[in-house]
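Notes follow once the structure below has been shown.
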Protein chains: 2
Amino acid sequence: MRRMTARPANAHQARLLRLLRDGGPNSRAQLGDQVELSRSKLAVEVDRLLETGLVVADGLAASRGGRRSHNIRLAPELRFLGVDIGATSIDVAVTNAELEVLGHLNHPMDVREGPVAVFEQVLSLAAKLRASGLAEGFDGAGIGVPGPVRFPEGVPVAPPIMPGWDGFPVREALSQELGCPVMVDNDVNLMAMGEQHAGVARSVGDYLCVKIGTGIGCGIVVGGEVYRGTTGSAGDIGHIRVDPDGRACACGNKGCLEAHFSGAALARDAEDAAREGRSPELAARLEAAGRLTAADVAAAAAAGDAAALDLIREGGNRLGQVIASLVSFFNPGLVVIGGGVTGLGHNLLASVRTQVYKQSLPLATGNLPIVLGELGPTAGVIGAARLISDHLFSPV
Amino acid sequence: MRRMTARPANAHQARLLRLLRDGGPNSRAQLGDQVELSRSKLAVEVDRLLETGLVVADGLAASRGGRRSHNIRLAPELRFLGVDIGATSIDVAVTNAELEVLGHLNHPMDVREGPVAVFEQVLSLAAKLRASGLAEGFDGAGIGVPGPVRFPEGVPVAPPIMPGWDGFPVREALSQELGCPVMVDNDVNLMAMGEQHAGVARSVGDYLCVKIGTGIGCGIVVGGEVYRGTTGSAGDIGHIRVDPDGRACACGNKGCLEAHFSGAALARDAEDAAREGRSPELAARLEAAGRLTAADVAAAAAAGDAAALDLIREGGNRLGQVIASLVSFFNPGLVVIGGGVTGLGHNLLASVRTQVYKQSLPLATGNLPIVLGELGPTAGVIGAARLISDHLFSPV
DNA sequence: CATCTTTGTCCTGGGTGTGGAGAAAGTCGG
DNA sequence: CCGACTTTCTCCACACCCAGGACAAAGATG
């Protein structure tokens, strides 16, 4: 199949494409209500989009009391590839142009195996999705990596947990391999975009999205746009100090948040608790699996294990302390917590909320929801699809 | 004199006005180089601006190797009023349309006397400036207040140090009294705008501006625009916790940054040191004045007083700790420190830098200047003038 | 003084968008 | 089933805008 080559020629067309992406099929009249264009102008722009093949007619819409309108939708054969490279696993998904996930694969893999090995796996997963008939090719791909990215070039910079990736031309290389446009971003930013597009953060302009996986990061959304900072490292809150005399961190400092609470730290603490006999529940799980993860702690807590609950509470306090500072500084309209430890659920949320509501001033916390992400592992891939669609659905 | 009533009719005119504001008088040809408009279009827009009286012809420009161009400048009789209401004093200044300060008055006054008394004083200072021949009236006024503001309405909300101001319609009231458009914002945000317009922060897109006066606040600039947060309280970093077992703060919590380091805290610490005999220098000053301020500490430190230097170092460490967190989170391209304690100067700067460079990751600190503001007390009033000019120099 | 460069003005032709007229398609009440 | 009203869509004329060329004015250069 011939893939999408056309791009919107002007801001109006880009606007219309995004409306169709976010709102699904729409009648011409409905589109007219959402943009301030004269009927004639709208008709012209829609016709041009139809010519390019980016959108197609899709039957008649329901009547709104008069003549029925023709429905318009994004071309149903458009396909985006969303790739979320985590520290220990890879998520790959295909979406249509409306960013609905049509197929989703996960594969455990250590990012430290390096870009070549990882992308080999990514391409093989993408091929598998293609082979299953979900796509005949991709019109664009978004890639998330677990570290800072020089965004315009799509190149990781000085990523602490990804040795071997520094300066690797991810965008360039994958664009070659896949034969379509590619955009690269930090995985946390993509999660933020995902939750904004299809999750809890719809209709919020300024918000924070804290992702707790192997490490800890924070997506910052300002006015509906991801804020990346001067060098692309904004949101790197894992190394904020929470305890001046705290634990040694891999970064060389002491008392970093990440050293005290993260997927990795939690697993280590849980194993310690198990070995020291403080938690029979965790000890049993350690016995069974040979190692523990955040999921084990979640399960133990759900079973009422006191040590596990303590770990979560303590971690939540630490995290809450940092989030409280960020809330004071940033005054977001929403805080989303997601990532691998979402399983810790409401126990975690409770301690975070306690800290934030206690420490931050009422004006900032007054109407501030602090919630768990609702998309889980699909947030990243949806965000990735959204990233590339934002790029493709922008003028020239 | 008839005051300015006209406003730019479209984005092009607004653009031109801002160029003239920021770049001073300019030839038509130079303007043409800076905007992507055809010569004819540019001529038309400039002619229209001349008609409205917002800009005037101003002689001939130097030749650039051919026919000399006619100079254009903003109407020289335009006047903006910049008002910076601090916790303990009021700054009022008149500027021309290029935001050059033509006259500047300062008057000590406690903001807690309430809006009515304060604005009486502001109006009297403004009248004094008018009487001295610097202005015959004002085309717009910007007001800074030391607390959060609901920006669109120009109304202070829940300001901790300004009892009696909550909900007072500052914008509305002053607009009535002055007979011109008024915009209201947090004083810290105005300082950030001031340093951006005429100070150290020119040409930086994303930066932080930390103001240490009676309290502590932080102006956040994202992509050249001030970020105010969901409820207008963004940048309120005074109550970030720096020490879990720290001092009691007026806000009811313990260990807030502001309780450990701010103009007020520093003065108190200095008085303690003086009374406890730890610092003869400070004791002498306390004896002479009956009380101490941050300026006394600065003077004592300059004279080599060890206790004063200790206070500054300790405060700088605390502040640096918080700034380090914010740098990790926000990844700014510049950090400016200003406000009343700027006199502490390089001693303060040194401890802040030490903390930040030690705690934050290299990618964020790599090319991060941390500097003192260079405008001092005029930053606020220039920022105020800039606020209202941004408003007036925007389309319809 | 001739030539070149820069600047400013005028004008024309093409493109764009607005809004009215009217046809097409449907709903609704009798 | 029919007539009146609504909504949607297309067509078209008119005004406006704007880019860019031609040309005149003003100065630099040698």
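So that the names make sense, note that chain A is the first sequence line, chain B the second, and so on, each numbered from 1.
Side-chain atoms of Glu195(A) never come within 3.5 Å of backbone atoms of Ala379(A) as a donor-acceptor pair (strictly under, hydrogens ignored). A donor-acceptor contact shorter than 3.5 Å is absent between the side chain of Asp185(A) and the backbone of Gly144(A). Using a distance-only test at 3.5 Å, with no hydrogens or angles considered, no donor-acceptor pair links the side chain of Asn189(B) to the main chain of Gly219(B). When atom types are taken as modelled, the side chain of Ser175(B) and the backbone of Cys180(B) share a donor-acceptor pair closer than 3.5 angstrom.
Contacts of residues 11-20 of chain A with DNA chain C (heavy atom under 4.0 Å): none. Taking a 4.0 Å limit (strictly below) on heavy-atom distances, residues 24-47 of chain B reaches DNA chain C at Arg28(B), Ala29(B), Arg39(B).
Put simply, chain B comes within 4.0 Å of DNA chain D, heavy atom to any atom, from dC18(D) to dA28(D), going 5' to 3'. Once you apply a 4.0 Å limit to the heavy atoms of chain A, the touched nucleotides of DNA chain C run 5' to 3' over dG17(C) to dT27(C).
For Asn26(A), there are no side chain to side chain donor-acceptor pair (under 3.5 Å) partners at least two apart in sequence or on another chain. Evaluation of the salt bridge (Lys or Arg N to Asp or Glu O under 4.0 Å) rule for Glu172(B) yields no partner, not counting sequence neighbours. Judged as a side chain to side chain donor-acceptor pair (under 3.5 Å), and not counting sequence neighbours, His12(A) has no contacts. Partners of Asp47(A) according to the side chain to side chain donor-acceptor pair (under 3.5 Å) rule, which considers only residues two or more places apart in sequence or in another chain, are Arg28(A). Judged as a side chain to side chain donor-acceptor pair (under 3.5 Å), and not counting sequence neighbours, Arg67(B) has no contacts. With sequence neighbours left out, the salt bridge (Lys or Arg N to Asp or Glu O under 4.0 Å) criterion links Arg150(B) to Glu153(B). Every residue two or more places apart in sequence or in another chain that forms a salt bridge (Lys or Arg N to Asp or Glu O under 4.0 Å) with Arg21(B) is listed here: Asp390(B). Applying the salt bridge (Lys or Arg N to Asp or Glu O under 4.0 Å) rule to Glu45(A) yields the partners Lys41(A), Arg48(A); only residues at least two apart in sequence or on another chain are considered.
Sequence order on DNA chain C of the closest nucleotides to Arg68(A) and Arg48(A) puts Arg48(A) first from the 5' end.
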